[in-house]
Amino acid sequence: MHRDCVIGVDLGGTKLLGGVLDSSLGVHVRLQRDVPLGADGARGGREDGERVISTLVALIEELRAASPAPVRALGIGVPCLLDPAREVIEMAVNLPLRDLPLRARCAELLGLPTYLDNDANAALLAESRAGAARGAGDALMLTIGTGIGGAILCGGSIYRGAGGGAGELGHMVIDEDGPPCQGNCPNHGCLESLASGSALAREALRLARSTPDCGLGRALAAGRKITGPLVTELAHDGDQAARDVIALIGTRLGVGLASLVNIFNPDVVVIGGGVIAAGEYLLAPARSVMRGRALAPAVGRVKVLRAELGAESGMIGAALLALVESGMAVGAELQ
Ligand SMILES: [Zn+2]
């Protein structure tokens with residue numbers, strides 16, 4: 001007999017990942033869907049936003065129907081800036097969800113106590129209770145996917161800033177004259193514009209076009225779409241060009257990490273999101289550049305680690321949010 005469950009959903013820039021979890025964060029059901037974006041992507045209008053909500057609600061209903069025990073609460077991690085009460089999406093870089101009262105809409109449509117947080121905050125919450133940042137009081141998280149999400153754990157609590165918008169580490173500028181950032185960000189040369197999964201795919205396509213005689217070039221000639229996962233697959237298969245592109249992204253990530261460790265002096269920086277599938281091909285150059293550029297006292301003992309909960313850290317964090325905020329008992333091993 002299963003104990004009562006909660007649903008956690010990680011709403012990403014391109015994918016929705018949801019799960020039914022118990023109070024020890026055991027995952028009983030998991031489902032994934034594509035985020036239905038119109039031609040205008042993040043800049044899409046109200047109709048595009050409604051399509052995203054319909055997909056989200058349908059996913060949650062399907063999870064609930066498959067749950068082995070009654071579902072008591074719902075947590076959603078969103079790649080957005082929320083108002084201080086975490087009710088309304090104030091700004092979304094990669095999704096058409098601006099000004100949307102998402103918490104109330106979901107609570108009303110689903111009849112479940114619903115809690116929202118930024119997706120990277122949720123992921124860091126999970127990693128700090130049950131993953132790579134377990135036991136750390138001061139930690140940072142970067143979730144590298146379509147964009148780059150960020151979160152700050154300060155003295156054991158998520159640091160939210162004056163208006164709830166802190167932790168957007170992906171929008172730290174690492175090149176003043178760099179390319180325009182993505183979606184709705186007005187800045188140039190943000191870490192997100194240079195080291196996200198989108199940047200990885202863009203750099204890989206450039207290399208595939210200019211160097212037809214490499215694994216990437218041959219994949220392009222064979223009609224394959226050059227995506228982050230394909231680059232990672234080719235790198236693991238031994239293609240040097242794919243490894244070089246990931247190392248370039250890792251180098252840029254290292255430049256960002258040098259500033260972050262100087263500013264925050266964390267115990268650990270956790271790197272998650274889809275791009276972390278590249279593993280040490282990404283992290284080794286990132287660590288090396290970080291150590292070469294950061295001030296010695298800050299960088300001395302910091303660990304840069306892969307998210308232990310992998311691609312599920314956001315989903316598990318959203319479930320943890322639902323457990324904690326609804327007052328349900330959290331498994332003793334997670335206290
Ligand atoms: Zn930006």
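Counting starts at 1 for both ligands and their atoms, following the listed order.
A92 and I89 get closest at one heavy-atom pair: CB-CG2, 4.3 Å. Of all non-hydrogen atoms in P113 and R72, the two that sit nearest each other are CD-O, 3.3 Å.
Within 6.0 Å of atom CZ in R293, 12 or fewer heavy atoms from other residues, nucleotides or ligands are found, so the atom counts as exposed in its surroundings. By the 6.0 Å contact criterion, CZ on R98 is open, its count of non-hydrogen atoms from other residues, nucleotides or ligands being 12 or less.
With R64 as the partner, the side-chain contact (heavy atoms from CB on, under 4.5 Å) test is satisfied by one option alone out of V20, L112, L59: L112.
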message = If you apply the rule side chain to side chain contact (heavy atoms under 4.5 Å, CB included), what do you find for D177 with D175, and how did you get there?
response = CA-CA 5 Å; D177 299 315; D175 179 359; 4.1 Å; yes
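Listed by chain and number, the protein atoms of type N/O/S under 2.8 Å from the Zn ion (ligand 1) are H171 ND1, C181 SG, C185 SG, C190 SG; waters are omitted.
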